[in-house]
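Values below: all heavy atoms of this structure, side chains included; hydrogens, waters and symmetry mates excluded.
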Amino acid sequence: MTHAEPAPSSPASPRPETLAVRPETLAVHPPHVEITGSRPLGVPLHQGHVFAFDSADALAEGFTSPDAFLYSRLGNPTVRTLEDAVARLEGGTAARSFASGMGAINAVLLGLLSSGDHVIAQTCLYGGTYAVLTDLAARWGVHVTYVSGTDPEEVRAALRPETRLLYLETIANPTTRVADVPALAAVAAEAGVPVVVDNTFASPLLCRPLDHGADIVVHSATKYLAGHADVLGGIAVFKDAELYDGVRHHAVEQGASTDPFAAWLTLRGIQTLSLRMERQCASAAELAARLETHPAVEAVRHPALASHPDRAIAARLLPAGGGGVVSIDLAGGREAGRAFVEAVRLASLSVSLGDVKTLVMHPASTSHHQLDAAALAAAGIGAGTVRLSVGIEHVEDLWADLEQALTKAG
């Protein structure tokens, strides 16, 4: 077996493929194809976790430059493409991607808070967020005051000199309450308090909280952004570079970085986000209207309904649609809720949301199991509350499935 003749190369930085080496070495160092005259239509997947440099100085500078790629925990070209794409969608200056939605939430909270700080948070929050705030209160002495999310005077009354954060959800999980982000953010801005908004339920297609006074937006990218039940990811988008730099430092050290393949799948999902959201919003509104008239259902909550307590806020904040989640309270309580989620046949019993498939779950025993009875009641979650995340199936097929399940649950 003969060896390849070496090609001309720079003495300062020879490439492995240009050297006269043995087959065992060639196997370890495949050639790198340079693309000229064209470009890939899809986003390239840079799965490699480590990058090589041509000089010691360049490598050293990479450790202090946020734009350099040297190790994927710090930054990766595919992940950066996702971050830039979502930052552009949300109208932000920069974004940081994470391994999960909770990774994004934890990075923001831990990056902005210290022991003894005070947080004002919406009463009805995702159970995981509530659990983190409770843990921070117990271990770090971070004080938390909960407010409805609709009354700016509540926020004003809750402000303290040590208040460091106002935390809201555009559409609350699972009650679909809509936070009055512009009014509450205005009060926080007067006091110099940053506003963080979880925009997972709305997506940037329905609402851009940064346009309404928020400083940071977080997403569970697992949900609507990716949309196909095959990705775990999270992302935080920042209005200005100073906040981004502060959180980025903590995020790098925490290590909850996005895998490049997950970022690549999320980018693929985002390309159909507008089509999926349009269908899911329309179907959710139609199903909510029908569920309101069903005798087995005590209450229905969806921001598009005239009966929704935050309908006026939703009309201002979510003019393109009320989202794909419907919350219902069944007349039979916990047992009816359990029977309903086990009786569906087209929909799937699952803890996630935002998928192309319709999903149902019982929040009190799953996503919000961390809350005791008093906290559940304060958040507006009843024993018979069921969350319905509407997919892109035909709405008549979905209604037929819900009808038969309600009959069995009633």
Side-chain angles (χ1 to χ4, degrees), residues 169-178 199-207 219-230 269-311 314-315 317-330 337 340-341 343-363 367 385-409:
E169 292 181 354
T170 315
I171 304 174
N173 183 1
T175 63
T176 77
R177 293 299 301 263
V178 181
N199 200 34
T200 298
F201 271 43
S203 89
L205 269 295
L206 300 184
C207 180
H219 285 273
S220 172
T222 308
K223 312 304 192 295
Y224 287 105
L225 293 180
H228 292 78
D230 54 8
I270 288 174
Q271 292 178 336
T272 61
L273 176 61
S274 63
L275 302 177
R276 290 184 283 111
M277 287 301 295
E278 182 178 3
R279 178 69 167 263
Q280 288 164 308
C281 287
S283 293
E286 176 64 24
L287 293 173
R290 297 187 189 187
L291 286 165
E292 274 198 309
T293 66
H294 198 285
V297 179
E298 270 188 350
V300 182
R301 290 178 293 274
H302 183 269
L305 292 174
S307 59
H308 194 281
D310 306 321
R311 181 69 190 100
L317 204 62
L318 306 165
V325 173
V326 180
S327 175
I328 62 175
D329 288 340
L330 298 180
F340 174 82
V341 298
V344 292
R345 292 295 175 262
L346 180 61
S348 299
L349 176 56
S350 175
V351 298
S352 193
L353 62 105
D355 190 61
V356 291
K357 300 179 181 67
T358 296
L359 311 174
V360 299
M361 61 172 288
H362 181 253
S367 64
T385 298
V386 171
R387 190 186 75 188
L388 175 67
S389 172
V390 180
I392 64 171
E393 304 96 336
H394 196 287
V395 68
E396 295 300 338
D397 293 329
L398 291 174
W399 177 242
D401 188 36
L402 298 182
E403 268 197 314
Q404 65 83 26
L406 286 169
T407 299
K408 294 176 182 177

TODO: Could you tell me which non-hydrogen atom of Glu169 sits nearest to which non-hydrogen atom of Asn173, and how far apart they are?
DONE: OE1-N, 3.0 Å
Task: Check: Ser352 and Leu359 side chains under 4.5 Å, non-hydrogen atoms - done: yes
Open item on the list: Keeping Thr293 on the side-chain end and Arg290 on the backbone end, is there a donor-acceptor pair under 3.5 Å?
Closed with: yes
Open item on the list: As an exercise, state the distance from CG of Leu206 to CG of Leu273, rounded to the nearest 0.5 Å.
Closed with: 8.0 Å
- [ ] Would you indicate whether the side-chain heavy atoms of Leu318 and Thr170 approach each other to under 4.5 Å?
- [x] yes
Task: Separation between CG of Asp230 and OG1 of Thr222, rounded to the nearest 0.5 Å - done: 10.0 Å
Task: Close side-chain approach of Leu291 to Leu406, heavy-atom, < 4.5 Å - done: yes
Open item on the list: Walk me through whether Asp310 and Leu317 qualify under side-chain contact (heavy atoms from CB on, under 4.5 Å).
Closed with: CA-CA 10 Å; Asp310 306 321; Leu317 204 62; over 6 Å; no
Task: Check: Val390 main-chain N/O paired with Gln280 side-chain donor or acceptor under 3.5 Å - done: yes
Task: Non-hydrogen atoms of Ala288 and His302 that approach each other most closely - done: CB-CB, 3.8 Å
Open item on the list: Is the shortest side-chain heavy-atom distance between His219 and Pro204 below 4.5 Å?
Closed with: yes
TODO: Nearest 0.5 Å please: distance from the CD atom of Gln404 over to the CH2 atom of Trp399.
DONE: 11.5 Å
- [ ] May I ask you to test the Asp329-Arg301 pair for a side-chain heavy-atom distance under 4.5 Å?
- [x] yes
Open item on the list: For a 4.5 angstrom cut-off between non-hydrogen side-chain atoms, does Leu287 reach Val300?
Closed with: no
Open item on the list: Using a 3.5 Å distance criterion without hydrogens, assess whether the side chain of His308 forms a donor-acceptor pair with backbone atoms of Thr176.
Closed with: yes
Open item on the list: Show the nearest heavy-atom pair for residues Met361 and Val351, with the distance to one decimal.
Closed with: SD-O, 3.6 Å
- [ ] Find the distance between OG (Ser203) and CE (Met277) and round it off to the nearest 0.5 Å.
- [x] 4.0 Å
Open item on the list: I need the Asp397 CG to Arg345 CZ distance, nearest 0.5 Å.
Closed with: 15.5 Å
Task: Gly322 to Cys281 - nearest heavy-atom pair and separation - done: N-SG, 4.3 Å
TODO: Flag yes if more than 12 heavy atoms outside Glu278 fall under 6.0 Å of its CD atom; otherwise flag no.
DONE: no
- [ ] Please confirm whether the backbone N or O of Thr200 pairs with a side-chain atom of Ser220, one donor and one acceptor, at under 3.5 Å?
- [x] no
- [ ] Taking the side chain as every heavy atom from C-beta outward, state whether Val325 and Tyr224 have any atom pair closer than 4.5 Å.
- [x] yes
- [ ] Quick one: do Leu388 and Leu402 satisfy side-chain contact (heavy atoms from CB on, under 4.5 Å)? Show the steps, please.
- [x] CA-CA 10 Å; Leu388 175 67; Leu402 298 182; 3.7 Å; yes
- [ ] Decide yes or no for His228 and Thr272: does some side-chain heavy atom of the first lie under 4.5 Å from some side-chain heavy atom of the second?
- [x] yes
TODO: Mind listing the closest non-hydrogen atom pair of Asn199 and Cys207 along with its distance?
DONE: ND2-O, 2.9 Å
TODO: Might you point out which heavy atoms bring Pro363 and Val386 nearest each other, and give the distance in Å?
DONE: CD-CA, 4.1 Å
Task: Candidate pair Ile328 and Thr385, rule side-chain contact (heavy atoms from CB on, under 4.5 Å), full reasoning - done: CA-CA 6 Å; Ile328 62 175; Thr385 298; over 6 Å; no
Task: Nearest-0.5 Å distance, CD of residue Glu393 to CG of residue Leu398 - done: 4.5 Å
